[in-house]
Visitor: 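Would you mind keeping the following structure in view while I ask a few things?
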Amino acid sequence: MSDPVSKEVPTQRTERDPDLPPNFVEDMVREQVAQGRHGGRVVTRFPPEPNGYLHIGHAKSICLNFGLAQKFDGQCNLRFDDTNPETEDADYVHAIKKDIQWLGFDWGKNEFYASDYFQKLYELAVQMIKDGKAYVDSRTTEEIRDTRGDYYKPGVEAPDRGRSVEENLALFEQMKGGTLPDGSHVLRAKGDMASTDVKMRDPVMYRIRHAHHHRTGDTWCIYPLYDWAHGQSDYIEKVTHSICSLEFVNHRPLYEWFLDQIGAPPGDRPEQTEFAKLNFTYTVLSKRRLLELVKLKHVEGWDDPRMPTLSGLRRRGVTPEALRTLCDRVGVSTRDSVVDISLLEHAIREDLNATSPRVMAVLRPLKVTLQNFPENEVIEFDAPFDPEKPEGPSRKIPLSRVLYIEQEDFMETPPKKFFRLAPGQEVRLRYACIIKCIEVKKAADGSIEELVCEWDPASRGGTPADGRKIKGTLHWVSATHAVDATVRLYDRLFLAENPLKDKDTYLEHLNPNSVEVLSGCKLEPSLAEAKAGQRVQFERLGYFCEDASTTAAARVWNRTITLKDTWAKVAGKE
RNA sequence: ACGGGAGUAGUCGAGCAGUCAAGACACGCGGCUUUGACCCGCGAAGCGAAGGUGCGAGUCCUUCCUCCCGUACCA
């Protein structure tokens, strides 16, 4: 991440950035570092499970964890929490790594996998058994569940809880050996079946699963569960700050208890801190739901531009800078929150506004013939890519007798304050000249087919010679020079502000018009050379990004986001 | 009913007993404009409730209310 200040003044890097909201995690770490806790070290980790794609919610965690490491000269490990081979896959590993890099973070050599620690975890578990702290329970899942009790009633201890160390050791060895069927036994820690904290009622540490693991293959048939694997993995990696989302607050006592059991020294072990994860209005952020959208083909894949996944946002044209800025702005707290999607949209527009070249494209063409413009003549106008820097880079824009304007920029009987084209009205063609509509040609069905206009040769460049005021300025493209393209207009995927209000019917809130594909769009000729991934602003329309599927013969652009449209708001009220 | 979290404007979110309760987005009004964009002004809007302790309370105490999480051999 660009952080010129910390590079120039490294000694101040741990101070609060006055331009950004402070957050309690950073404040906590700063204080601990000042006190010399963990020897002043800061080691965080981002622990994705490779069973789905990363989404914008993960971006907050990534920014927090990697950001902390940067601010405090520490380290952030990328650790794949791959303890459930039935749902995980190497393809996800690749996608996740690509997304993190795209977001702008680098884990260097610190790429780890929970599966790297299977042997170590196993040895730790054996020690637990030897210490009389764990036992093999040979009942069914149902029996175990039925005896766990509930919120008001304590659980009852398992009959197998009293097995001897030798018997437990032998049984656990058999579980690992591969001769026992899935589900026949589990290894449980001896917690407290009477605890009011249900999580402490003899938590399961290992289960038998004869499943192929994407990294360890068939080496193991017993797999550790989250509560056992996660904390110990943090400890093995010497993580100092294990930051996770609010739903894990309930796990913290167990997290600490397991660390106690394996003898992790109180002064030198990872500490779990929870924060509120990111949620947005009109958005669904849960891997399970996102997977569902993909499988049910409501979208075209994990990287469909309508998806809130990092790969979808990338394809849509959103910049990593915008996402990082957004994460900084929303702050970090312990309060369940749902951020207004407009905050994201603003961050996207803000960055794109500062970085996108301006070009012209007509999405829904309306033919305009300049009656008094000489046939076969072409006039080229110089137009800067950044209108705020007129002397900067520019391109030539050709004007000829026939051109296209946007259909919605003409109205036969315009309402008040319609600063666009109408019969008898004048309007400016951006960077070119003033034109006046003198005739409307219609098809047999009454639809408008073509506009006949007159241009004012004395207004070259768009400035009328007599200084008369021209309120409206339209974007346009010369017909003979236009580059044809397909443009996909994206809108929000869900119509409801809170699509998951009723989790069973959330698909009913899917926006049937979340994508509109327009073909025959007319791009200005400078875009003939554009490459996939190129981001631009089509003036007066919005920010667009050339899609990965584009070819010279079939150009495809995606609309990242529209420009704010005050006129639409005004017109909509009438 | 049990355990654990959390309540500051429409949405996020500063504030940690003592200026008129930051800032951002959204919203409204106005200005500027060869993008009805950007930008620049201005405005409306808030401490979940009730008690209590302080000269003084979002800030401390008590009670109440509301919301979230928790009984997976998922993470």
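Treat the numbers as computed from the prediction; the structure is a model and nothing was measured. Below, chains carry the letters A, B, ... as their sequence lines are ordered, and counting in each starts from 1.
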Visitor: Does B:C27 have a Watson-Crick or wobble partner in any strand here, with both distances under 3.5 angstrom, and which is it?
Guide: B:G43
Visitor: Would you indicate, yes or no, if B:A26 has its OP1 or OP2 atom less than 4.0 angstrom from a side-chain nitrogen or oxygen of A:Lys564?
Guide: yes
Visitor: Give A:Asp150 one of three labels, base, sugar-phosphate or nothing, depending on what nucleic acid heavy atoms sit under 4.0 Å from its own.
Guide: base
Visitor: Show your working on salt bridge (Lys or Arg N to Asp or Glu O under 4.0 Å) between A:Lys471 and A:Glu426 and close with a plain yes or no.
Guide: CA-CA 9 Å; A:Lys471 182 75 175 169; A:Glu426 279 193 320; over 6 Å; no
Visitor: Give a yes/no answer on whether the side chain of A:Lys569 brings an N or O atom under 4.0 Å of OP1 or OP2 in B:C27.
Guide: yes
Visitor: Students often get this wrong, so: under 4.0 angstrom with heavy atoms, is A:Val332 touching a base, only sugar-phosphate, or nothing?
Guide: sugar-phosphate
Visitor: Rounding to a whole Å, what distance do you find between A:Gln272:CD and B:G5:P?
Guide: 13 Å
Visitor: Given atom CD of A:Glu350 and atom P of B:A24, what is their separation to the nearest angstrom?
Guide: 11 Å
Visitor: Counting any heavy atom closer than 4.0 Å, what does A:Leu246 reach on the DNA or RNA strands: base, sugar-phosphate only, or nothing?
Guide: nothing
Visitor: A:Glu237 vs A:Arg79, test: salt bridge (Lys or Arg N to Asp or Glu O under 4.0 Å). Steps then yes/no.
Guide: CA-CA 10 Å; A:Glu237 290 179 13; A:Arg79 181 174 77 238; 3.2 Å; yes
Visitor: Contact class for A:Glu539 vs. all strands (heavy atom < 4.0 Å): base, sugar-phosphate, or nothing?
Guide: base
Visitor: Check if the side chain of A:Arg420 and the base of B:G36 share a donor-acceptor pair of N or O atoms closer than 3.5 Å.
Guide: yes
Visitor: Counting side-chain heavy atoms from CB outward, which of B:U35, B:G4, B:C73 is closest to A:Arg207?
Guide: B:C73
Visitor: Do the side-chain N or O atoms of A:Thr473 get closer than 4.0 angstrom to the phosphate oxygens (OP1, OP2) of B:U35?
Guide: no
Visitor: With a distance cut-off below 6.0 Å to the six-membered ring centre and an angular limit of 45° from the axis, does A:Arg420 pair with A:Phe410 as a cation-pi contact?
Guide: no
Visitor: What nucleic acid atoms does A:Ser195 come within less than 4.0 Å of, heavy atoms only: base, sugar-phosphate, or nothing?
Guide: nothing
Visitor: Does atom CD (A:Glu391) have a neighbourhood of more than 12 heavy atoms from anything else shown, all under 6.0 Å?
Guide: yes
Visitor: Quick check on B:A37: is either OP1 or OP2 less than 4.0 Å from any side-chain nitrogen or oxygen of A:Thr566?
Guide: yes
Visitor: Taking the minimum atom-to-atom distance to the side chain of A:Val198, which one of B:U71, B:U35, B:A75 wins?
Guide: B:U71
Visitor: Using a cut-off of less than 4.0 Å, is there contact between a side-chain N or O of A:Arg329 and OP1 or OP2 of B:A14?
Guide: no
Visitor: So A:Arg358, base contact, sugar-phosphate only, or nothing? Heavy-atom distance under 4.0 Å.
Guide: base
Visitor: Is it the case that A:Thr140 and A:Glu143 place a side-chain donor and acceptor less than 3.5 Å from each other?
Guide: yes
Visitor: Taking only the side-chain heavy atoms of A:Thr141 (C-beta and beyond), determine which of B:G36, B:A75, B:C73 contains the nearest atom.
Guide: B:C73
Visitor: Is A:Arg188 close enough and on-axis enough to A:Tyr135, meaning under 6.0 Å and within 45°, for cation-pi?
Guide: no
Visitor: Heavy atoms from C-beta onward define the side chain here; which of B:U71, B:G36, B:U33 lies closest to that of A:Trp567?
Guide: B:G36
Visitor: Separation of A:Ile341 atom CD1 from B:A24 atom C1', in whole Å?
Guide: 16 Å
Visitor: Which residue, A:Val249 or A:Ile470, contacts RNA chain B at a nucleotide closer to its 5' end, judged by nearest heavy atom?
Guide: A:Val249
Visitor: Are the aromatic ring centres of A:Phe258 and A:Tyr235 under 6.0 angstrom apart?
Guide: no
Visitor: Using a cut-off of less than 4.0 Å, is there contact between a side-chain N or O of A:Arg209 and OP1 or OP2 of B:C74?
Guide: yes
Visitor: When we call it a touch if two heavy atoms are under 4.0 Å apart, what does A:Asn250 touch: a base, just sugar-phosphate, or nothing?
Guide: base
Visitor: Counting any heavy atom closer than 4.0 Å, what does A:Glu345 reach on the DNA or RNA strands: base, sugar-phosphate only, or nothing?
Guide: nothing
Visitor: Applying a 4.0 Å non-hydrogen cut-off, can you work out what A:Glu274 is touching in the nucleic acid: base, sugar-phosphate, or nothing?
Guide: nothing
Visitor: Between B:C38, B:G36, B:U35, spot the one nearest the side chain of A:Gln537, thanks.
Guide: B:U35
Visitor: Just compare B:A26, B:A75, B:U35 and give me whichever is closest to any side-chain atom of A:His346.
Guide: B:A26
Visitor: Ring centres within less than 5.5 Å and planes less than 30° apart: is that true of A:Tyr151 and B:G3 in this structure?
Guide: no
Visitor: Which part of the nucleic acid, if any, lies within contact of A:Lys471, taking any heavy atom under 4.0 Å across all strands shown: a base, the sugar-phosphate backbone alone, or nothing?
Guide: base
Visitor: Is B:G58 in the syn range, within 90° of 0, or in the anti range?
Guide: syn
Visitor: How close or far is atom P of B:U35 from atom OH of A:Tyr431, stated in whole angstroms?
Guide: 8 Å
Visitor: Which part of the nucleic acid, if any, lies within contact of A:Lys417, taking any heavy atom under 4.0 Å across all strands shown: a base, the sugar-phosphate backbone alone, or nothing?
Guide: base
Visitor: When you match A:Arg430 and A:Leu343 each to their closest nucleotide on RNA chain B, which lands nearer the 5' end?
Guide: A:Leu343
Visitor: B:A37, B:U71, B:C12: which one has an atom nearest the side-chain heavy atoms of A:Leu563?
Guide: B:A37
Visitor: Mind checking A:His251 for me? I need base, sugar-phosphate or nothing, with any heavy atom below 4.0 Å counting as a touch.
Guide: base
Visitor: Categorize A:Pro464 for me: base, sugar-phosphate, or nothing, with a 4.0 angstrom heavy-atom threshold over every strand shown.
Guide: nothing
Visitor: Once you apply a heavy-atom cut-off of 4.0 Å, does A:Phe275 come out as touching a base, just sugar-phosphate, or nothing?
Guide: nothing
Visitor: If you draw the axis of the six-membered ring of A:Tyr122, does the NZ or CZ of A:Lys176 fall within 45° of it and under 6.0 Å from the ring centre?
Guide: yes
Visitor: Which nucleotide, in any strand shown, forms a Watson-Crick or G-U wobble pair with B:U35, with both distances under 3.5 Å?
Guide: none
Visitor: Could you tell me which nucleotide pairs with B:G3 by Watson-Crick or G-U wobble geometry, both distances under 3.5 Å, or answer none if nothing does?
Guide: B:C69
